[in-house]
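A quick write-up on the structure given underneath.
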Amino acid sequence: MSFLMLIGALLVSLLVSFLLSIFLTPFVGKLAFKLGATDKPNERKVHSKVMPRMGGLAIFLSFFITFLLFMNDFWEQLPLDFWEQLPLLVGALVIILIGMADDIFELRAAPKFLGQVLAALIIVLWGGLEVKFINLPFFIDTLEFGVLSIPITILWIVSIINAINLIDGLDGLAGGVSTIALVTIATMALIKGDLFVAMVALIVIGSTLGFLKYNFHPAKIFMGDTGALFLGYIIAVLSLQGFKNVTMISLIVPIIILGVPISDTFFAIIRRVVNKQPISAADKSHLHHCLINLGFTHKQTVLLIYALAACFGLAAIIFQFATVWGALILVTGLLLIIEIFVEKIGLVNSNYQPLLKMLNFKNKP
């Protein structure tokens with residue numbers, strides 16, 4: 001298969017998953033109502049009527065069907081066997097079943113967490129996805145994780161799953177942010193020549209964009225935990241698949257790609273510690289809540305967060321090609337910008353402004 005034919009097949013796979021998602025989503029919405037997978041309005045929700053959730057099932061089915069249809073076109077180009085991809089699919093199926101169960105029955109935190117760990121164990125122990133070491137600049141040549149490699153990999157997967165789930169608070173938000181992250185992953189995979197990661201990412205992009213036709217504000221259906229957990233799982237796996245066992249610089253790339261959901265999750269934990277609340281406690285102070293409280297409309301808030309996610313994606317691509325010192329300067333700048341932004345919008349609370357107060361103090365005569 002020539003390079004142009006390969007690119008054409010990748011784009012066709014994206015288009016097919018997109019069209020499948022557009023076709024399947026209305027049927028999934030009807031199924032959600034029949035199964036009782038609905039989202040009722042309350043004081044924490046921004047919608048005012050009962051909505052079908054579990055829309056992520058349409059994303060998964062579109063991905064799964066397209067994956068099976070197009071994988072054979074790549075076997076001559078990729079040294080892979082279909083059975084080697086079963087752990088990815090089985091892990092995704094476990095995540096989908098957990099998400100569906102939660103959307104229908106509203107599971108407690110413990111069984112949801114165990115399901116996420118099980119999906120991670122499948123891809124790590126059966127699929128062999130494992131971050132075993134990183135190369136560190138300046139201090140140590142190679143840092144071997146040893147027996148911690150499996151726990152670290154599982155922690156990454158479960159953390160990203162929950163980060164995507166936490167940001168799913170507005171119409172189209174989690175789907176759009178996930179799509180931007182996947183576009184970045186696909187772009188960098190193509191640059192590195194990793195056709196498998198690029199193909200899977202593009203198929204999920206198509207599936208998610210098709211769903212966003214019904215999920216963007218004003219939404220007709222929510223992805224629910226079915227969609228948020230699946231997207232988090234795929235993004236976590238693909239980011240490790242493309243950047244595992246490399247330098248510390250490359251290992252930071254997926255963290256930058258997922259800067260929006262990771263930052264929101266990190267500061268949610270800080271907020272709950274500062275406010276002396278349980279870490280698992282729900283609140284209405286996430287990034288999107290803060291922006292709405294500042295006066296942005298629903299759609300403006302989503303588009304603003306899309307722009308932030310795109311900036312992180314662009315920074316990740318630049319970061320990948322930077323020198324060590326350039327990468328360190330970029331990371332330092334990103335961290336300062338994030339901290340100032342967090343303090344400005346009150347993501348922790350209105351009194352949390354250590355950096356702004358320090359800068360104001362230094363500016364005083």
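Along the sequence shown, residues are numbered consecutively beginning with 1. Everything numeric in this text was worked out from a predicted model, so none of it was measured. Note: hydrogens, waters and symmetry copies are ignored here, and every other heavy atom, side chains too, is used.
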query: Only one of Val94, Leu240, Ile157, Thr153 forms a side-chain contact (heavy atoms from CB on, under 4.5 Å) with Ile123, so which one is it?
result: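 Among Val94, Leu240, Ile157, Thr153, the one that satisfies the side-chain contact (heavy atoms from CB on, under 4.5 Å) with Ile123 is Ile157.
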- request: Using the side-chain contact (heavy atoms from CB on, under 4.5 Å) rule, pick out the option among Ile22, Ile221, Val28 that qualifies with Phe211.
  value: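 Result for side-chain contact (heavy atoms from CB on, under 4.5 Å) with Phe211: Ile221.
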Has the side chain of [X] got a donor or acceptor atom that lies under 3.5 Å from a matching backbone atom of [Y]?
{"X": "Asp264", "Y": "Ile167", "value": "no"}
{"X": "Ser263", "Y": "Val260", "value": "no"}
{"X": "Tyr233", "Y": "Leu88", "value": "yes"}
{"X": "Asp102", "Y": "Leu107", "value": "yes"}
{"X": "Asn165", "Y": "Ala228", "value": "no"}
{"X": "Asn293", "Y": "His289", "value": "yes"}

Under 4.5 Å between side-chain heavy atoms, hopping through other hydrophobics if needed: is there a path connecting [X] to [Y]?
{"X": "Leu148", "Y": "Val124", "result": "yes"}
{"X": "Leu258", "Y": "Leu155", "result": "no"}
{"X": "Leu114", "Y": "Ile161", "result": "no"}
{"X": "Ile234", "Y": "Leu166", "result": "no"}
{"X": "Leu57", "Y": "Phe23", "result": "yes"}

field: Member of Arg53, Lys112, Lys40 meeting the salt bridge (charged side-chain N to carboxylate O under 4.0 Å, His left out) criterion with Glu106
entry: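 Among the candidates, only Arg53 passes.
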Grab the two heavy atoms, one from [X] and one from [Y], that are nearest each other, plus how far apart they are.
{"X": "Ala92", "Y": "Phe60", "answer": "CB-CE1, 4.0 Å"}
{"X": "Ala163", "Y": "Ile262", "answer": "CB-N, 4.4 Å"}
{"X": "Gln116", "Y": "Asn162", "answer": "OE1-ND2, 2.7 Å"}
{"X": "Ile338", "Y": "Phe267", "answer": "CG2-CE1, 3.9 Å"}
{"X": "Leu14", "Y": "Ser17", "answer": "O-OG, 2.8 Å"}
{"X": "Val12", "Y": "Phe70", "answer": "CG1-CZ, 3.5 Å"}

- request: Name all pairs fulfilling the side-chain hydrogen bond (donor to acceptor under 3.5 Å, both in side chains) condition that reach into residues 202-212, sequence neighbours left out, sorted by first residue then second.
  value: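 Sorted pair list comes back empty.
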Check residues 197-204 and write down every donor-acceptor pair under 3.5 Å in which the side-chain atom is one partner and the other belongs to a residue at least two apart or another chain.
none

Does the plane of the ring in [X] sit parallel, tilted or perpendicular to the ring in [Y]? Use 30° and 60° as the thresholds.
{"X": "His298", "Y": "His217", "value": "parallel"}
{"X": "His288", "Y": "His286", "value": "parallel"}
{"X": "Phe230", "Y": "Phe63", "value": "tilted"}

At what distance, to the nearest 0.5 angstrom, does [atom1] of [X] lie from [atom2] of [Y]?
{"X": "Thr301", "Y": "Leu173", "atom1": "OG1", "atom2": "CG", "answer": "9.0 Å"}
{"X": "Asp171", "Y": "Leu212", "atom1": "CG", "atom2": "CG", "answer": "10.5 Å"}
{"X": "Leu15", "Y": "Leu20", "atom1": "CG", "atom2": "CG", "answer": "9.5 Å"}
{"X": "Ile205", "Y": "Ser21", "atom1": "CD1", "atom2": "OG", "answer": "13.0 Å"}

Exercise answer: donor-acceptor pairs, residues 178-186 side-chain atoms, under 3.5 Å, sequence neighbours excluded:
residue: Ser178; atom: OG; partner: Ala174; partner atom: O; Å: 2.7
residue: Thr179; atom: OG1; partner: Gly175; partner atom: O; Å: 2.7
residue: Thr184; atom: OG1; partner: Ile180; partner atom: O; Å: 2.9

message: Within a 6.0 Å radius of atom CZ on Phe341, are there more than 12 heavy atoms belonging to other residues, nucleotides or ligands?
response: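 Counting other residues, nucleotides and ligands, CZ of Phe341 exceeds 12 neighbours.
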message: Counting only heavy atoms from other residues, nucleotides and ligands, does the tally under 6.0 Å from CZ of Phe113 exceed 12?
response: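 No, not enclosed.
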message: Apply side-chain contact (heavy atoms from CB on, under 4.5 Å) to residues Lys213 and Thr25 and explain how you reach the verdict.
response: CA-CA 9 Å; Lys213 178 182 183 300; Thr25 300; over 6 Å; no
